[in-house]
Amino acid sequence: MAIMNFGGVDENVVTREEYPLEKAREVLKDEVIAVIGYGVQGPGQSLNLRDNGFNVIVGQRKGGKTWEKAVADGWVPGETLFDIEEACEKATIIQYLLSDAAQIEVWPRIQKYLTPGKALYFSHGFAITYKERTNIVPPADVDVILIAPKGSGTSLRRMFLQGRGLNSSYAIFQDATGKAWDRVIALGIGVGSGYLFETTFKKEVYSDLTGERGTLMGAIQGLLLAQYETLRENGHEPSEAFNETVEELTQSLMPLFAENGMDWMYANCSTTAQRGALDWMGPFHDATKPVFEKLYKEVACGNEAQRSIDSNSQPDYREKLEKELEALRNSEMWRAGAVVRKLRPENN
């Protein structure tokens with residue numbers, strides 16, 4: 001483990017150079033890893049583990065779409081694909097990758113398989129941090145660990161196939177065996193992490209919920225829509241409004257500041273753009289900082305978690321979600337975006 005300095009702050013970081021794949025395989029050579037759930041994170045993590053040479057099986061509800069998806073991905077019923085209970089029984093490490101709501105529902109069925117010495121693995125700190133609300137309380141004689149890739153399972157898999165890694169955080173909530181650190185780092189390397197940075201279950205879920213509702217999804221959609229609407233209300237056509245709001249951001253500018261930072265991106269834009277960006281970033285910061293502060297407080301006190309639990313546990317949750325997503329999909333901005341994407345050179 002290396003100490004690296006991030007903006008003047010030292011943090012614990014593990015890289016693939018200091019903890020190579022061969023070492024991870026050696027650490028987990030006698031382990032059976034059961035990936036429970038084949039939705040968002042399950043496919044990417046299980047397939048990467050399989051391709052990296054680990055002994056991995058998948059546990060999933062029989063007969064559903066995700067069971068068929070697992071079969072299509074090469075998991076063999078009765079050999080590497082089992083129902084949830086049988087996979088948990090076979091496993092020494094249970095990767096609990098169901099949705100937060102499904103974790104609450106399924107928990108009573110898997111508790112008895114958490115026998116002494118096993119490890120319970122999460123990719124989200126939600127269940128443990130809000131255990132008073134989820135009632136997910138692991139026994140004291142198992143390791144409880146976390147690897148949280150900083151992106152979707154789709155991105156994790158895509159980058160793995162490109163020979164790249166997606167950065168992940170790691171945490172240890174409970175070290176019952178004395179092997180939790182090696183187990184979690186080996187798993188982090190196995191699932192395809194670029195590097196691993198240390199956190200806690202609480203910090204992971206607080207930052208994750210804030211990020212999802214903030215700059216990663218909620219805030220960015222709100223900000224994009226506000227600019228798009230302003231342009232449209234002032235007579236700009238949909239194609240122009242979308243290109244200036246979304247297309248230039250995602251296709252031109254994001255790659256620049258992803259590569260070398262915001263200062264470098266500013267330096268490689270016109271002087272007019274530089275001046276305006278530097279002048280206006282302050283007002284945008286001042287306008288949104290109170291919203292982020294309110295959001296973080298709602299996450300920290302558990303209100304956001306409870307809203308998620310209450311909503312996602314409703315029997316008609318999927319139907320309501322689809323209606324909301326349909327409204328987003330059918331908004332003028334994203335209908336314009338569908339046309340613009342088709343006009344990109346790679347699609348012609």
Side-chain angles (χ1 to χ4, degrees), residues 33-37 39-42 45 59-61 84-85 87-89 91-150 153 168-181 183-185 187-188 191 196-214 295-315 317:
I33 306 163
V35 174
I36 306 303
V40 177
Q41 282 290 336
Q45 293 200 33
Q60 182 56 34
R61 297 180 182 90
I84 289 173
E85 287 88 345
C88 288
E89 185 176 21
T92 59
I93 298 173
I94 297 173
Q95 292 194 202
Y96 205 35
L97 300 183
L98 296 165
S99 69
D100 295 324
Q103 285 183 13
I104 298 170
E105 177 189 346
V106 173
W107 178 250
R109 294 161 52 192
I110 76 159
Q111 281 181 283
K112 64 181 178 181
Y113 301 108
L114 289 167
T115 51
K118 287 192 176 186
L120 179 62
Y121 166 115
F122 294 89
S123 283
H124 193 20
F126 190 99
I128 297 298
T129 301
Y130 302 114
K131 57 184 179 295
E132 293 81 6
R133 300 169 187 267
T134 65
N135 294 316
I136 295 177
V137 181
D141 50 11
V142 301
D143 293 341
V144 182
I145 55 181
L146 174 145
I147 293 292
K150 297 299 103 179
S168 302
S169 58
Y170 75 91
I172 299 170
F173 179 76
Q174 193 167 275
D175 184 2
T177 67
K179 302 186 297 182
W181 191 85
R183 272 174 151 176
V184 75
I185 299 303
L187 287 163
V191 300
L196 298 157
F197 60 94
E198 188 176 26
T199 188
T200 66
F201 273 64
K202 181 181 287 188
K203 286 181 179 178
E204 191 283 329
V205 73
Y206 283 13
S207 62
D208 188 71
L209 294 185
T210 300
E212 289 170 349
R213 287 146 180 77
L295 167 58
Y296 192 86
K297 288 177 181 177
E298 288 291 287
V299 169
C301 75
N303 286 347
E304 278 298 305
Q306 193 62 53
R307 275 192 284 271
S308 178
I309 292 169
D310 292 344
S311 172
N312 297 351
S313 60
Q314 296 299 314
Y317 162 69

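Atoms considered below: every heavy atom in the structure, side chains included; atoms not considered: hydrogens, waters and symmetry mates.
- In terms of modelled atom types and a separation under 3.5 Å, the side chain of Ser207 and the main chain of Glu204 share a donor-acceptor contact.
- Heavy atoms only, all atoms of each residue included: Ile147 and Ser123 are closest at O-OG, 2.7 Å.
- More than 12 heavy atoms of other shown residues, nucleotides or ligands fall within 6.0 angstrom of atom NZ in Lys150.
- A perpendicular orientation is assigned to the rings of Tyr296 and Tyr206, their planes being inclined by more than 60° (bins at 30° and 60°).
- Taking OH from Tyr121 and OH from Tyr96, the interatomic distance works out to 15.5 Å, rounded to the nearest 0.5 Å.
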> Going through the checks in order, is the side-chain contact (heavy atoms from CB on, under 4.5 Å) test met by Asp175 and Trp181?
Replying inline: CA-CA 8 Å; Asp175 184 2; Trp181 191 85; 5.8 Å; no
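- Atom CG in Leu120 sits 6.5 Å away from atom CD1 in Ile128 (nearest 0.5 Å).
- The nearest pair of heavy atoms linking Ala87 to Gly59 is CB-CA, 3.6 Å.
- The line from CD of Gln41 to CD of Gln95 is 10.0 Å long, rounded to the nearest 0.5 Å.
- When only modelled atom types and interatomic distance are considered, Thr134 and Gln103 share no side-chain donor-acceptor pair under 3.5 Å.
- A donor-acceptor pair is defined here as one N or O able to donate and one able to accept, closer than 3.5 Å; such a pair exists between the side chain of Asp143 and the backbone of Ala176.
- Closest heavy-atom contact between Cys301 and Arg133: O-NH2, 3.3 Å.
- With hydrogens and angles disregarded, a donor-acceptor distance shorter than 3.5 Å links the side chain of Gln174 to the backbone of Val142.
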> Gln45 and Leu187: side-chain contact (heavy atoms from CB on, under 4.5 Å), yes or no, with the steps?
Replying inline: CA-CA 9 Å; Gln45 293 200 33; Leu187 287 163; over 6 Å; no
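- With rounding to the nearest 0.5 angstrom, the CG atom of Leu98 is 11.0 Å from the CD1 atom of Ile104.
- Minimum heavy-atom separation, Ala101 to Asn312: CB-CB, 3.6 Å.
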>> Using side-chain contact (heavy atoms from CB on, under 4.5 Å), reason through Ile110 and Ile36 one step at a time and then give a plain yes or no.
In response: CA-CA 10 Å; Ile110 76 159; Ile36 306 303; 5.6 Å; no
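- Distance alone, capped at 3.5 Å, places no donor-acceptor pair between the Thr92 side chain and the Lys118 backbone.
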> Should Phe201 and Phe122 be marked as a side-chain contact (heavy atoms from CB on, under 4.5 Å) after you check the CA-CA gap, both sets of side-chain angles, and the distance that decides it?
Replying inline: CA-CA 9 Å; Phe201 273 64; Phe122 294 89; 3.8 Å; yes
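- Scanning all heavy atoms of the two residues, the minimum distance from Val205 to Gly125 falls at CB-C, 3.8 Å.
- Between Leu295 and Gly214, the shortest heavy-atom contact is CD2-N, 4.1 Å.
- Residue Asp310 forms a side chain to side chain donor-acceptor pair (under 3.5 Å) with just one option from Arg307, Gln314, Gln306, and that option is Gln306.
- The line from CD1 of Ile94 to CG of Leu114 is 4.5 Å long, rounded to the nearest 0.5 Å.
- Ring geometry for Phe126 versus Tyr130: interplanar angle over 60°, hence perpendicular rather than tilted (30 to 60°).
- The CD atom of Gln111 sits 9.5 Å away from the CG atom of Asn135 when rounded to the nearest 0.5 Å.
- Within the 4.5 Å cutoff, the side chain of Ser169 has heavy atoms near those of the Leu146 side chain.
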